[in-house]
Trainee: 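Take a look at this one; I'll ask things after.
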Amino acid sequence: MYVYADCAATTEMSNKAIDAMTNIMKEIYGNPSSLHSVGQKAAEYLLQARIDVADAIGADFKEIYFTSGGSEADNQALVSAAYFGKLKGKNHLISTTIEHHAILHTLEKLKKEGFEVTLVEVEENGIVDPKKIEEAITEKTALVTVMFANNEIGTIQPIKEIGKICKEKQVLFHTDAVQAVGHVPVNVKELGVDLLSLSAHKFHGPKGIGVLYASKKVPLTNIIEGGAQERGKRAGTENLAGIVSMATALKESVNNIEDKIKKTEERRKQIIEGLSQISHSILNGDANKRLPGNVNFCFEGIEGESLLLLLDSKGVAASSGSACTSGSLDPSHVLLAIGRPHEIAHGSLRLSFDETLTEEEVKHIIQSTKEVVEYLRSISPVWDELERGEINHVI
C-alpha cells in the first residue's frame, strides 16, 4: 500500500479537470484576444471560467484576475495595496509571524523600499488574536495581510473578525487563502476581505494557474507588463487550458463541501488519536480550528528528514512542512513561532489529505509512523540521553 498524504504540497488532478484541460487544448485553441470566431470562442470559455471562479468564492466576475499561482497573486496583492496606501501617505503593513514565504519575502522587499512592517505573533495554538491585529493598526497602516489557513500546521485564522476590524479602521485586508479554498467554505463578501489569493493545484486543479481576487475599490499595480490581458492588470496570453481546468476543479471541490469536511475531519480525528499514543509527541496547532485534512506532529528525539524518508519506504508520502522550503536545513519558522524549540521543530511531520483517505490508509499511516519513530529513537544517542535522564525531555 502507498498512501499519498501531502495534499498541502499539491493534489492529484481530478478526472474532470484533466478532461476540461485536454478539451481546451484540442478544440478551443484560439487566443481569447483575437477578434475572429476562433478567438472569440476561446474568449467565451475564458469568461465562463471567470464567472465560475467568482461564484465559488462569492465574488463578482470582474474582480477575478488570473495569475500563474498563489505566489504571484500574493505578490501583486501586497505590492498593489502598499503602493495604493503610499499615495495616501500610508506606509505601514501588518502581517503575522506564520505567513507563507510568498508573503514574508514580499514584505521584506517592500521594507527595503521604505515601508514599515509589523509582524504580529500568534498564540501557542497557532492562531492570531484579532485584538493584537487591532492594536497594531495605526493611522499609517495601508494593509493587513493574514493567511486564511496555515500551510504547515493547518490552523484557521479568525478572518471574519479581522475583516470587520479592518473595515472599521478603513484599512485594506488581504488573505492568502491558498490552503483554504476548495477545502472549507470561502466567501469574500462575508469575510470582509479586499484581496484574496488562491492556487488551483491545491484543490485537484493544474499547477501554474491561480487567482487574485481584488475588490473594485483596490487599484492593482502591474507586476507583469505587456499586453492588455486581465483588464490591463496582468499581461500575457491567458493560459486558457489551465484556467478552465481550474474552474472545473473548483466547482467540483465546493460541491457538497460540508459532507466532505465531515468525512475528512473524522479521518483527522483518527490520525490525531493514533499518533498521540506515541510517547513524547505533540500536536502542533489548535486541535479543532484547523483544516479538515491537516495533522502536524512533533516527535522528540528524531530528525524530520529521516522520518520522511523512512515513511516513504513504508509507503507513506508526507512532509515536514512547506514544500517551498523543503531544501532548507533550518527548522520551520511556523513551529518556532508557536514556541517549539529548535530541536523539537526539526522532528516534525505534516500529514495532509482529503475525504478520499480510507480507514485502511489511516491505519497504515499510524502504524508506519509508530514503527519509524520507534526505530529512529532506537539508534539515536540523543534519545538515549533523554531516556537515561542525562538531559530533560521537552515534550
Side-chain angles (χ1 to χ4, degrees), residues 2-34 36-59 61 64-73 177-186 196-213 229-230 234 236-261 263-264 291-293 317 323 352-358 361:
Y2 196 88
V3 184
Y4 183 76
D6 199 17
C7 289
T10 197
T11 56
E12 179 184 11
M13 283 186 67
S14 72
N15 290 331
K16 288 183 179 180
I18 292 172
D19 290 343
M21 175 173 268
T22 54
N23 176 63
I24 296 296
M25 289 177 170
K26 291 178 181 178
E27 307 292 339
I28 316 297
Y29 51 81
N31 188 322
S33 297
S34 299
H36 48 63
S37 57
V38 177
Q40 289 306 293
K41 187 66 175 177
E44 291 176 10
Y45 275 79
L46 180 64
L47 175 59
Q48 187 58 54
R50 201 182 303 277
I51 293 171
D52 290 343
V53 170
D55 288 346
I57 62 171
F61 75 94
I64 300 299
Y65 298 85
F66 295 119
T67 69
S68 64
S71 292
E72 183 190 333
V178 166
Q179 293 290 337
V181 172
H183 302 285
V184 294
V186 176
L196 176 145
S197 311
L198 64 87
S199 185
H201 74 106
K202 305 297 187 180
F203 50 80
H204 302 289
K207 299 175 184 65
I209 190 69
V211 165
L212 170 60
Y213 154 77
Q229 294 88 356
E230 296 306 294
R234 202 277 184 180
T237 301
E238 295 91 351
N239 174 9
L240 186 62
I243 289 168
V244 173
S245 180
M246 170 175 61
T248 302
L250 185 53
K251 285 179 65 178
E252 191 176 8
S253 294
V254 300
N255 186 38
N256 296 322
I257 194 168
E258 296 296 343
D259 292 338
K260 294 174 183 176
I261 289 172
K263 186 175 181 180
T264 308
L291 290 170
S352 47
F353 45 90
D354 60 19
E355 76 282 355
T356 62
L357 191 71
T358 66
E361 289 173 330

Trainee: If we ignore hydrogens and angles and just use 3.5 Å, is the side chain of Tyr65 paired with the main-chain N or O of Thr67 as donor and acceptor?
Mentor: no
Trainee: Please examine the side chains of Asn23 and Val244, heavy atoms only from C-beta on, and report whether any two atoms are closer than 4.5 Å.
Mentor: no
Trainee: Starting at OG of Ser245, measure out to CG of Leu250 and round the result to the nearest 0.5 Å.
Mentor: 11.0 Å
Trainee: Taking Glu72 for its side chain and Ser68 for its backbone only, find out whether a donor-acceptor pair lies under 3.5 Å.
Mentor: yes
Trainee: Between atom SG of Cys7 and atom CG of Leu291, what is the distance when rounded to the nearest 0.5 Å?
Mentor: 11.5 Å
Trainee: Using the salt bridge (Lys or Arg N to Asp or Glu O under 4.0 Å) rule, take Glu238 and Arg50 through it: C-alpha gap first, then chi angles, then the decisive distance, then the call.
Mentor: CA-CA 12 Å; Glu238 295 91 351; Arg50 201 182 303 277; 5.2 Å; no
Trainee: Determine, step by step, whether Ile209 and Ile243 satisfy the side chain to side chain contact (heavy atoms under 4.5 Å, CB included) criterion, reporting the C-alpha distance in whole Å, the side-chain angles of both residues, the deciding distance to 0.1 Å, and the verdict.
Mentor: CA-CA 7 Å; Ile209 190 69; Ile243 289 168; 3.5 Å; yes
Trainee: Leu46 and Phe66: side chain to side chain contact (heavy atoms under 4.5 Å, CB included), yes or no, with the steps?
Mentor: CA-CA 10 Å; Leu46 180 64; Phe66 295 119; 3.9 Å; yes
Trainee: Side-chain contact test, heavy atoms from C-beta onward, threshold under 4.5 Å: evaluate it for Met13 versus His201 and give yes or no.
Mentor: no
Trainee: Under 3.5 Å, side chain of Lys26 to main-chain N/O of Met21, donor-acceptor pair present?
Mentor: no
Trainee: Ignoring hydrogens and geometry, is there a side-chain-to-backbone donor-acceptor pair from Lys260 to Ser253 under 3.5 Å?
Mentor: yes
Trainee: Quick one: do Asp354 and His204 satisfy side chain to side chain contact (heavy atoms under 4.5 Å, CB included)? Show the steps, please.
Mentor: CA-CA 10 Å; Asp354 60 19; His204 302 289; 2.8 Å; yes
Trainee: So which atom in Ala200 and which in Pro206 form the shortest heavy-atom distance, rounded to 0.1 Å?
Mentor: CB-O, 3.4 Å
Trainee: Ignoring hydrogens and angles, tell me if any N or O in the side chain of Gln179 forms a donor-acceptor pair with the backbone of Ala8 under 3.5 Å.
Mentor: yes
Trainee: Would you name the heavy atoms of Ala54 and Ile64 that are closest together and state the gap between them?
Mentor: CB-CG1, 3.8 Å
Trainee: Would a 4.5 Å heavy-atom cut-off, applied to side chains only, mark Leu198 and Met246 as touching?
Mentor: yes
Trainee: Kindly say whether Gly236 contributes a backbone atom to a donor-acceptor pair with the side chain of Gln229 at under 3.5 angstrom?
Mentor: yes
Trainee: So how far is it from Phe61 CZ to Ile51 CD1, rounded to the nearest 0.5 Å?
Mentor: 5.5 Å
Trainee: Can you confirm whether Thr248 sits close enough to Asp19 that some side-chain heavy atom of one is under 4.5 Å from a side-chain heavy atom of the other?
Mentor: no
Trainee: Is the CD atom of Gln40 crowded by more than 12 outside heavy atoms at less than 6.0 Å?
Mentor: yes
Trainee: Roughly how far apart are Thr264 OG1 and Ile257 CD1, rounded to 0.5 Å?
Mentor: 9.5 Å
Trainee: CG/Asp52 to CD1/Ile57 distance, rounded to the nearest 0.5 angstrom?
Mentor: 12.0 Å
Trainee: Does any N or O in the side chain of Ser199 come within less than 3.5 Å of the main-chain N or O of Lys202, such that one atom is a donor and the other an acceptor?
Mentor: no
Trainee: Given the rule in the salt bridge (Lys or Arg N to Asp or Glu O under 4.0 Å) test, do Glu27 and Lys41 qualify, once you have shown the distances and angles that lead to the verdict?
Mentor: CA-CA 10 Å; Glu27 307 292 339; Lys41 187 66 175 177; over 6 Å; no
Trainee: Asn256 side chain to Asp259 main-chain N or O, any donor-acceptor pair under 3.5 Å?
Mentor: no
Trainee: Mind checking the OG1-CZ spacing from Thr10 to Phe203? Nearest 0.5 Å is all I need.
Mentor: 11.0 Å
Trainee: Go through Leu240 and Ile28 one step at a time and tell me if the side chain to side chain contact (heavy atoms under 4.5 Å, CB included) criterion holds.
Mentor: CA-CA 9 Å; Leu240 186 62; Ile28 316 297; 4.0 Å; yes
